[in-house]
Amino acid sequence: QTGCVNCIAVLTRKGGGHVGIVKGYDRGGNPILISGNHGNRVAISSYSKNRVVAYRYPPGISWFLCNLPGTQPIGSVPGKNRLHNLLLGL
């Protein structure tokens, strides 16, 4: 299961949970999220796909709308978002 770019990923974490905005996927299919709690900073990090509990979308946004060009998971769509992939080192 994957979520589209800019959806919210809900993760498990020891002692609670974690959420972040999906910015793409690495070569292993792990979500790359922008999230807080990184030494009191916001950062972009890859998280194990095994920790993902759910992907959520803002009200009014459906899976159908997430299939528009440029919103698919970066790591699984060759040729899409090439500049973003280069910036993330994918």
Side-chain angles (χ1 to χ4, degrees):
Q1 116 185 359
T2 59
C4 70
V5 172
N6 297 323
C7 75
I8 299 166
V10 181
L11 308 171
T12 61
R13 177 179 71 147
K14 186 176 181 178
H18 191 68
V19 296
I21 299 169
V22 175
K23 291 317 226 180
Y25 292 85
D26 65 17
R27 288 187 174 110
N30 299 304
I32 299 168
L33 306 180
I34 183 168
S35 61
N37 297 336
H38 297 275
N40 293 325
R41 295 182 181 189
V42 173
I44 297 175
S45 300
S46 178
Y47 292 85
S48 171
K49 60 187 170 190
N50 296 327
R51 289 182 53 196
V52 176
V53 175
Y55 290 99
R56 302 311 239 180
Y57 306 91
I61 303 297
S62 70
W63 177 249
F64 172 78
L65 294 176
C66 289
N67 287 310
L68 296 172
T71 61
Q72 293 89 359
I74 292 171
S76 65
V77 183
K80 295 281 185 189
N81 298 308
R82 287 179 57 108
L83 177 59
H84 197 173
N85 284 348
L86 290 172
L87 293 172
L88 292 175
L90 300 175

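These figures come from a predicted structure and were not determined experimentally.
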Would you say that [X] contacts [Y] through its side chain, given a criterion of any heavy-atom pair below 4.5 Å between the two side chains?
X: Val52; Y: Pro31; result: yes
X: Tyr55; Y: Ile8; result: no
X: Ile32; Y: Ile44; result: yes
X: Ile21; Y: Asn6; result: yes
X: Leu33; Y: Lys23; result: no

Between CG on residue Asp26 and OG on residue Ser48, distance to nearest 0.5 Å =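 Reported to 0.5 Å precision, the distance equals 9.5 Å.
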
Nearest heavy atoms of [X] and [Y], plus distance in Å:
X: Val53; Y: Leu11; value: CG2-C, 4.2 Å
X: Cys7; Y: Arg56; value: CB-O, 3.3 Å
X: Ser35; Y: Gly20; value: CB-CA, 3.9 Å

Test side-chain hydrogen bond (donor to acceptor under 3.5 Å, both in side chains) applied to Asn30 and Ser46, step by step = CA-CA 6 Å; Asn30 299 304; Ser46 178; 4.6 Å; no

Check: Lys49 side chain, Tyr25 main-chain N or O, donor-acceptor pair, under 3.5 Å =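 Flag not set: sc Lys49 to bb Tyr25 has no pair under 3.5 Å.
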
Arg51 side-chain N/O to Thr12 backbone N/O, donor-acceptor pair under 3.5 Å |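 Indeed, once roles are kept as given, a pair shorter than 3.5 Å links the two residues.
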
Please indicate whether Arg13 has more than 12 foreign heavy atoms, meaning atoms of other residues, nucleotides or ligands, lying under 6.0 Å from its CZ.
->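 Counting neighbours around CZ of Arg13, more than 12 heavy atoms of other residues, nucleotides or ligands fall under 6.0 Å, so yes.
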
